[in-house]
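Structure record follows, encoded as structure tokens.
Note that ligands are numbered from 1 as they come in the structure, with each ligand's atoms numbered from 1 the same way. Owing to the predicted nature of the structure, the values given are computational and were not obtained by experimental measurement. Excluded from the calculations below are hydrogen atoms, water molecules and symmetry mates; all remaining heavy atoms, backbone and side chain alike, are included.
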Amino acid sequence: MVLEAVKALSPAEITELCLRHTLYDWGMQAGLKPMPVVSAKGVYFHTADGRRFIDFNSQLMCVNAGHGDRRIIEAIQRQAEQLPYISPFMAHEARARLGAKLASLLPGDMEKVFFTLGGADANENAIKIARAVTGRPKILARYRSYHGSTGSAIQATGDPRRWPNEFAGGIVHVLDPYHGIQRGWDTVEQALAHLEETIQLEGPSTIAAFILEPISGTNGILVPPDGYLQGVRAILDRHGILMICDEVMTGFGRTGRWFAVDHWGVVPDLITLAKGLTSSYVPLGAVGIVPKVAAYFDDHMFYGGLTYNSHPLGCAAALGAIQAYEEDDMVGNAQRMGAVLARHHRRLRERHPCVGATRSIGLFGCLELVRDRQTLEPLAPFNGTSPEMKAIAQALLDAGMHTFVRWNTIMTNPPLCITEAELDEGFEILDGALEIGDRAVRE
Ligand SMILES: Cc1ncc(COP(=O)(O)O)c(C=O)c1O
């Protein structure tokens, strides 16, 4: 047999073949120019044409441990050598160890998880479990939210990504405590009164669960006022409605605690995880379940299953990622560097008239840009963009920063291994690009 060496693809060929034969997420395909990425280390990634980018969004707020962490890579390698796949009806060591490890980290007395492939199907299964356990049909969710792009998860999503995907009922949306930069925040009392009223009008006995991101992510790093989550917990308890906290983005140290709910001491009935669970080196999601809910399935069928439930490579990667978080105290680093990030946010707000608001908790942050400091008119409309936001996004790339620019927001969510010097480097780039926004601000 003659073995032919596989010829490396040029950067242009990589991009061209990807575009010709694969569909890209959330966009019209014509005109796309995906970067051909070849390697990544720490907070940087490199393209095939030799450019280096500082990753100020941990890709999709998911590579929490940073790129190229040997502990995660070697955990996957060892597992691939030993047992790359086995049916979810079997027991295996990585599943056993990860289940036990998560039980020690998860809030309250949660000690059982159901493993999925990612965030959307974690939410699908959390919703399925809530409906099965309560026997109730409806799910409450918030408008400024994203829960994934599949069936019930996209129905529960409140933001405009839901609009073209609505094909079934059973989800009722409630307003968030935040109403956009111009109207600002409700008080805790107002937000809870709105929730209570919606529950009354819908009929408490028809509602299985309320699914919410404790801190909304892509909708603008919306850190709720103190007391809101505790108040939600109390209302739901009063009506026998389960609380599903979607920590797909906020979990695993992002906010400076293992889980966002830990900031407020709230224990949900179900928690959904993905992204940082493996630092996204391989796909894995999970639903954490409190004992009283999990017990239901002791003597009732669990009508759910996935070929890749508890996939050995996913479980091994998660163990490697958690090892990395613990050995390097990345959760503590997120808290310490979070203070540095917040300082940078304040400085940008002082220096740039286009920065209308900043929000952050740990290494989870965003800037909201405006074209008027008095009226706080956003620099791009809700669910839209503007020439200025596009120009800022391009300027960031040109200066070697990759981050998520959406509507009038710019995200600052670097990997949790970031150093102060690397944060300084990133904010220097932002500082330069924001001058484009300043020029659009009305006197
Ligand atoms: C809060 C939240 N929930 C769910 C999801 C969906 O996760 P996945 O893309 O892994 O299905 C996301 C993805 O961005 C998310 O941010």
Side-chain angles (χ1 to χ4, degrees), residues 23-27 55 57-64 113-130 139-162 165 171 173 176 178 209-224 229 243-255 258-261 268 270-288 306 308-309 311 313-314 317-318 321 359 361-366 403-407 409 411-413:
L23 194 64
Y24 276 78
D25 292 13
W26 300 118
D55 186 353
N57 198 50
S58 312
Q59 295 303 295
L60 292 176
M61 296 92 153
C62 60
V63 186
N64 289 13
V113 294
F114 176 67
F115 288 117
T116 65
L117 281 77
D121 58 339
N123 286 328
E124 296 291 339
N125 281 284
I127 288 171
K128 178 200 289 261
I129 289 169
I139 300 292
L140 289 179
R142 292 191 304 193
Y143 280 103
R144 293 175 197 273
S145 68
Y146 179 68
H147 297 295
S149 76
T150 59
S152 298
I154 196 70
Q155 299 290 293
T157 293
D159 85 14
R161 283 172 280 190
R162 164 178 48 92
N165 285 300
I171 309 264
H173 285 98
D176 304 70
Y178 185 66
F210 183 21
I211 182 168
L212 68 164
E213 299 170 72
I215 302 167
S216 295
T218 44
N219 281 274
I221 319 296
L222 304 176
V223 186
L229 274 190
M243 183 178 199
I244 305 174
C245 283
D246 177 344
E247 293 238 21
V248 167
M249 197 175 269
T250 49
F252 297 97
R254 171 59 56 199
T255 68
W258 278 99
F259 302 100
V261 289
L270 296 149
I271 192 169
T272 54
L273 311 167
K275 295 187 187 269
L277 172 57
T278 60
S279 262
S280 302
Y281 282 37
V282 294
L284 188 75
V287 186
L306 299 163
Y308 302 134
N309 166 7
H311 196 290
L313 294 181
R359 289 183 290 277
I361 181 165
L363 287 170
F364 202 36
C366 89
T403 192
F404 192 51
V405 178
R406 184 179 194 243
W407 307 350
T409 62
M411 298 284 163
T412 58
N413 304 309

In this structure, CD of E213 is separated from CG of N219 (nearest 0.5 Å) by 6.5 Å
Once side-chain contact (heavy atoms from CB on, under 4.5 Å) is applied, do any residues pair with A274, and if so which ones, sequence neighbours excluded?
V248
What does the 4.0 Å heavy-atom contact list look like for ligand 1?
G118, G119, A120, N123, Y146, H147, G148, E213, D246, V248, M249, K275
Test of understanding: with ring pair (Phe, Tyr, Trp, His ring centres under 6.0 Å), list the residues that count as partners of F259, not counting sequence neighbours.
F252
Quick one, H173 and R162 - any side-chain contact, counting heavy atoms below 4.5 Å?
yes
Check side-chain contact (heavy atoms from CB on, under 4.5 Å) between L222 and all other residues, then give those that pass, not counting sequence neighbours.
R144, Y178, W185, S216, R359
Mark yes when over 12 heavy atoms from residues, nucleotides or ligands other than L117 sit less than 6.0 Å from its CG; otherwise mark no.
yes
